[in-house]
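A single structure is presented below for examination.
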Amino acid sequence: MAEMVHVVVPVFAAVAVGLFAGLFFAFSVSVMPGLGRAGDRVMIEAMQGVNVAVLNPCFAVVFIGAPVAVLACVVLYASVGAMAAAVWSGVALACLCAVLVVTFAVNVPRNDALERAGPAERIGDPAAVRGAFESVWVRWNHLRTVLSLVALVCAVVALTVR
């Protein structure tokens, strides 16, 4: 049973980190550039909808599960003396923690401000609301993308270096 845990947890961690990175990557390369072509009200309404829709159990499993699984990998690898894998997992964990800090310090407050602006059709100056949201949110999402991709590479390397 313990041997199975030492296989299943790192594989789950790598998959979860891949999904984690994929979410931010998709926003960086398609969702936000696509919304960037939309009018102000359409962009605001779409992001308000995304911000509600993303709060679901699948997202929660990945968003919370990835860092927890990588932390478990650090502990598992260290417990069997696989220090190289523990270090790679530790770097992955540090990157994921940085993503969480950016998310809660920058992106979530922007999302909340967008929600507080009210329904898109009732916003008096949608260009100002969009301007306060979009460029900062996108720039920091690119950082989340890079950090989570580095975390993915580290999690995969940890699988191969024991």
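Basis for what follows: all heavy atoms, side chains included, without hydrogens, waters or symmetry-related copies. Here the structure is a predicted model, which is why all the values come from computation and not from measurement.
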### Query
Does the side chain of Asn111 reach to within under 4.5 Å of the side chain of Trp137, using non-hydrogen atoms?
yes
### Message
If you define the side chain from C-beta out and look only at heavy atoms, does anything of Met47 sit under 4.5 Å from Phe133?
### Response
yes
## Note on the structure
So CE of Met43 and CE of Met32: to nearest 0.5 Å the spacing works out to 4.0 Å
#### Entry: Any donor-acceptor pair under 3.5 Å from Asn56 side chain to Ala53 backbone
yes
### Query
Which class fits the ring pair Phe20 and Phe63: parallel under 30°, tilted 30 to 60°, perpendicular over 60°?
parallel
### Task
Check the surroundings of atom CZ in Phe25: do more than 12 heavy atoms from other residues, nucleotides or ligands lie under 6.0 Å from it?
no
### Message
Are Leu149 and Val153 packed together at the side-chain level, in the sense that at least one heavy-atom pair is separated by less than 4.5 angstrom?
### Response
no
### Message
Working to the nearest 0.5 angstrom, can you tell me the gap between Leu100 CG and Leu96 CG?
### Response
7.0 Å
### Summary
Smallest heavy-atom separation, Ala26 atom then Ser30 atom, equals O-OG, 2.7 Å
### Message
If hydrophobic clusters are built from ILVMFWY residues whose side chains come within less than 4.5 Å, do Leu147 and Val138 share one?
### Response
yes
## Note on the structure
Closest non-hydrogen atoms of Gly118 and Ile123, given as atom of the first, atom of the second and distance, are O-CD1, 3.7 Å
### Query
Does CD in Gln48 sit with more than 12 non-hydrogen atoms of other residues, nucleotides or ligands closer than 6.0 Å?
yes
### Task
Determine, using the 4.5 Å side-chain heavy-atom cutoff (strictly less than), whether Val106 and Val108 are members of one ILVMFWY cluster.
yes
### Query
For Ser89 and Ala158, which heavy atoms make the closest approach, and how far apart are they?
OG-CB, 3.4 Å
### Task
Answer yes or no: is there a side-chain heavy-atom contact under 4.5 Å between Cys97 and Leu93?
yes
### Query
Hey, any chance Val99 and Val136 share a hydrophobic cluster, counting ILVMFWY side chains that come within less than 4.5 Å of each other, even indirectly?
yes
### Message
Could you check whether Trp140 and Phe24 have their ring centres less than 6.0 Å apart?
### Response
no
#### Entry: Separation of Leu114 CG from Asn51 CG (nearest 0.5 Å)
6.5 Å
### Summary
Between Ala120 and Ile44 the two heavy atoms that sit nearest each other are CB-CG2, 4.1 Å
### Message
With rounding to the nearest 0.5 angstrom, report the CG to OG distance, Leu19 to Ser148.
### Response
11.0 Å
### Query
With Arg130, which residues qualify under salt bridge (Lys or Arg N to Asp or Glu O under 4.0 Å), at least two apart?
Asp40, Glu134
#### Entry: Side chains of Phe59 and Leu23 in contact at under 4.5 Å (non-hydrogen atoms)
yes
### Task
Give a yes-or-no answer on whether the side chains of Arg144 and Asn141 include a donor-acceptor pair shorter than 3.5 Å.
yes
### Message
When you compare the side chain of Val9 with that of Cys73, does any pair of heavy atoms fall below 4.5 Å?
### Response
yes
### Query
How far apart are the closest heavy atoms of Tyr77 and Pro10, and which atoms are they?
OH-CB, 3.2 Å
### Task
Check the hydrophobic clustering (I, L, V, M, F, W, Y; side-chain heavy atoms under 4.5 Å; chains of links allowed) and say if Val50 and Val129 are grouped together.
yes
### Task
Search all heavy atoms of Ala151 against all heavy atoms of Cys95 and return the closest pair with its distance.
CB-CB, 3.8 Å
### Task
Say whether Val156 and Val161 are linked into one hydrophobic cluster, either directly or through other cluster members, by side-chain heavy-atom distances under 4.5 angstrom.
no
